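Dropping the structure in here first, questions after.
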Amino acid sequence: MHFSALRLDVSDAATRHPYVLVIMQSEVERLLEARAKEVGVRLRRGAEVAGFTQNETGVTVELADGSRVRADYLVGCDGGRSIVRRRAGINFPGTPATMTALLGDVELAEPPAEDIFQERREHGSFSVLSFGPDWYRVLTNEFDHVAGRDEPTTLETLRKALLKIAGTDYGMHSPRWLSRHGDAARQADRYREGRVLLAGDAAHIHFPAGGQGLNTGMQDAVNLGWKLAAVVRGRAPDRLLDTYEAERHPVAARVLQNTRAQTALWRVDDHTSALRDVLGDLIGIDEVRLRFAGAVTATDIRYPVEGTDDLLGRRIPDLDIGHGRVYELLHHTRAVLLDLGGLPPLDAVVTGWADRVDLVRVRPAGGSDLGADAVLIRPDGHVAWVTRAGERPDLGALRTALTTWFGPPAVEMSDS
Ligand SMILES: Cc1cc2nc3c(=O)[nH]c(=O)nc-3n(C[C@H](O)[C@H](O)[C@H](O)COP(=O)(O)OP(=O)(O)OC[C@H]3O[C@@H](n4cnc5c(N)ncnc54)[C@H](O)[C@@H]3O)c2cc1C
């Protein structure tokens, strides 16, 4: 990966997938849509939200065609210019654009030899990425120009910018997609107004450095989805929804900071070049490199979950267990109490939550790589309770964690 085009080796990151996988966003959207349909979600295309009103019992959404939809909750996932955010009166403070970035998926008659070619030159920086047998993504960053909203983006605009920065247009032709964006970085000052919530670009926008936007938005949705489902089904109290902002707002705030830092480091003056040299040295130190890698891949997120154990609030690693992997247990999007140490007392506690939590018992040969005898994993993969190998499990703390995240037990049980 890279941090502002400084090489960032993530090959030893704590994941099964320590590499960059280029997947077109349209493909990600196609897969998500197929999955949504599979689980019975009704998608309505072309239904433009014009506004909404809310009271204590629900939200009435007004569509541009004059029709209305009544819902328990409304989640605005309507992008950076979100009408839901504006109508909810939620502010979007931040920093305005200071530069112009152009992007084109094009064919090149004379491409550079490297698959990934990135350079900073006197008039800006540019990248040429090989995306397929015949096509390339060309990106330019101009720091001496902030494009007006109505300025058109054409192949000629991209060619002009590339000629100015790189001195060649690599013989570009046949554009498939052209786009322009700046480095404005803004974040909703709150993610919730009553029964209305925000997720994705509606809640945060930033320069798309390191491909962090979609990840941040999808993780918002994954964090909110199971909580909203529990509240709507009456299984958890409405205040569970407040943990969404508490957990996700700081994550996006950090993404805004690292992308601001990345665009600042792309500038082409002598002082920035010196700063890049210094950072380039630092990033060579393993501890620094891993810190940056954890941040841009968002694998180091730790939500503020009660307790001091380092695993609490973190995403559970996808370890091999028995004949499978931990993440396979999460495919049902239910919470999992994973017993790796053979702890019979867990049965009595979890019975009250059996409709919401799966108790899974596996004894990995040679013990657990996690160093834990049992972990309570939320449906989004984050750890809500842990008992370390060989330690006496704190069943009171387990009961508290279960109540906090999944509501009160269906049947009161004794664990004595
Ligand atoms: C040039 C560029 C390159 C990027 N590259 C990457 C990358 O490599 N990796 C990455 O992770 N991220 C990348 N991003 C960021 C990523 O595209 C966004 O973070 C992501 O699309 C946000 O998803 P979203 O669903 O929140 O919002 P959007 O994708 O903006 O979707 C919002 C949806 O809401 C709809 N909508 C808007 N208003 C209304 C309304 N009133 N009523 C009904 N519907 C409405 C829109 O039609 C749209 O379908 C890039 C962004 C840009 C601009």
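Computed from a prediction, not measured in an experiment: that's the story for all the values here. All ligand and atom numbering here is 1-based and tracks the order in the structure.
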List the closest protein heavy-atom neighbour of atom 14 (N) of ligand 1: residue, atom name, distance to the nearest 0.1 Å. Pro208 CB, 3.9 Å
Show which atoms of ligand 1 fall inside a sub-4.0 Å distance from at least one heavy-atom site of Gly200.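 Taking each heavy atom of Gly200 in turn, ligand 1 has 26 (O) under 4.0 Å.
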Determine, counting only non-hydrogen atoms of the protein, whether one lies under 4.0 angstrom from atom 9 (N) of ligand 1.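 Yes.
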Mind telling me whether Phe3 and Phe292 have parallel, tilted or perpendicular rings, with 30° and 60° as the class edges? perpendicular
Ligand 1 atoms in contact with Glu48 (distance to a heavy atom under 4.0 Å):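 That gives atoms 41 (N), 42 (N), 43 (C) of ligand 1.
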Subset of ligand 1 atoms that lie under 4.0 Å from at least one heavy atom of Gln25: 16 (C), 17 (O), 20 (C), 21 (O), 29 (O)
If we count only non-hydrogen protein atoms and require a distance under 4.0 Å, does atom 43 (C) of ligand 1 qualify as touching the protein? yes
With rounding to the nearest 0.5 Å, note down the distance linking NE2 in His145 to CG in Leu102.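 Rounded to the nearest 0.5 Å, the NE2-CG separation comes to 7.5 Å.
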What residue and atom, counting heavy atoms only, is the protein's closest point to atom 36 (N) of ligand 1, and at what distance? Asp78 CB, 3.8 Å
For atom 24 (P) of ligand 1, the closest protein heavy atom turns out to be Asp201 N, 4.2 Å
Numbering as shown, the atoms of ligand 1 that approach Gly211 to under 4.0 Å (heavy-atom distance):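 Answer for ligand 1: 7 (C), 8 (O), 9 (N), 10 (C), 11 (O).
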Over 12 non-hydrogen atoms of neighbours within 6.0 angstrom of CD in Glu287: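 Check fails, neighbour count at 12 or below.
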Please identify which of these residues, Asp369, Asp320, Asp318, meets the salt bridge (charged side-chain N to carboxylate O under 4.0 Å, His left out) condition with Arg325.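 Passing option: Asp318.
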Per-atom contacts of ligand 1 with Leu103, taking only distances under 4.0 Å to non-hydrogen atoms: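 It comes down to these atoms of ligand 1: 1 (C).
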Is the closest heavy-atom distance from Gly217 to ligand 1 below 4.0 Å?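 Gly217: no contact with ligand 1 (<4.0 Å).
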Nearest protein heavy atom to atom 40 (C) of ligand 1, by residue and atom, and its distance? Val49 N, 3.7 Å
Flag: protein heavy atom within less than 4.0 Å of atom 49 (O) of ligand 1: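 It does not; no protein heavy atom is within 4.0 Å.
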Against heavy atoms of Ile83, which atoms of ligand 1 measure under 4.0 Å? 41 (N)
Tell me the contacting part of Val84 for ligand 1: side chain, backbone, both, or neither, using a 4.0 Å heavy-atom threshold, strictly below.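 It is neither part, as no heavy atom is under 4.0 Å.
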Identity and separation of the nearest protein heavy atom to atom 33 (C) of ligand 1: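 I find the closest protein heavy atom is Cys77 O, 3.8 Å.
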Does atom 46 (C) of ligand 1 have any protein heavy atom closer than 4.0 Å? no
Would you find more than 12 non-hydrogen atoms of other residues, nucleotides or ligands less than 6.0 Å from Arg70 atom CZ? yes
Take a 6.0 Å sphere around CD of Glu33 and say whether it holds more than 12 heavy atoms from other residues, nucleotides or ligands.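 For Glu33, atom CD is crowded (more than 12 foreign heavy atoms under 6.0 Å).
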For ligand 1, indicate whether the residue Leu214 contacts it via side chain, backbone, both or neither (heavy-atom separation under 4.0 Å).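 Looking at Leu214 and ligand 1, atoms from backbone and side chain both fall under 4.0 Å.
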Phe131 six-ring centre to Arg137 NZ/CZ under 6.0 Å and within 45° of normal: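 Pair Arg137/Phe131 does not count as cation-pi.
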May I ask you to check whether over 12 heavy atoms, not counting those of Asp270, lie within 6.0 Å of atom CG?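 No, not enclosed.
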Please indicate whether Ile116 has more than 12 foreign heavy atoms, meaning atoms of other residues, nucleotides or ligands, lying under 6.0 Å from its CD1. no
So if I count the atoms of ligand 1 from 1 in the order they appear, which ones are less than 4.0 Å from some heavy atom of His181?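 Near His181, meaning under 4.0 Å from one of its heavy atoms, ligand 1 has 1 (C).
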Is it the case that over 12 heavy atoms from other parts of the model lie below 6.0 angstrom from the CZ atom of Arg121? yes
Do Phe126 and Trp266 have ring centres separated by under 6.0 Å? no
Give a yes or no on this: more than 12 heavy atoms of other residues, nucleotides or ligands lie within 6.0 Å of atom CZ of Arg16. yes
Both conditions, 6.0 Å and 45 degrees, for the charged tip of Arg260 above the ring of Phe207: are they met here? no
Distance filter under 4.0 Å to Gly213 heavy atoms, resulting ligand 1 atoms: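 Counting atoms of ligand 1 from 1, those under 4.0 Å from Gly213 are 10 (C), 11 (O), 12 (N), 19 (O).
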So is Ala47 in contact with ligand 1, going by heavy-atom distances below 4.0 Å?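 Flag set, Ala47 near ligand 1.
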Got the closest protein heavy atom to atom 28 (P) of ligand 1, with its distance?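 Answer for atom 28 (P) of ligand 1: Gly79 CA, 4.3 Å.
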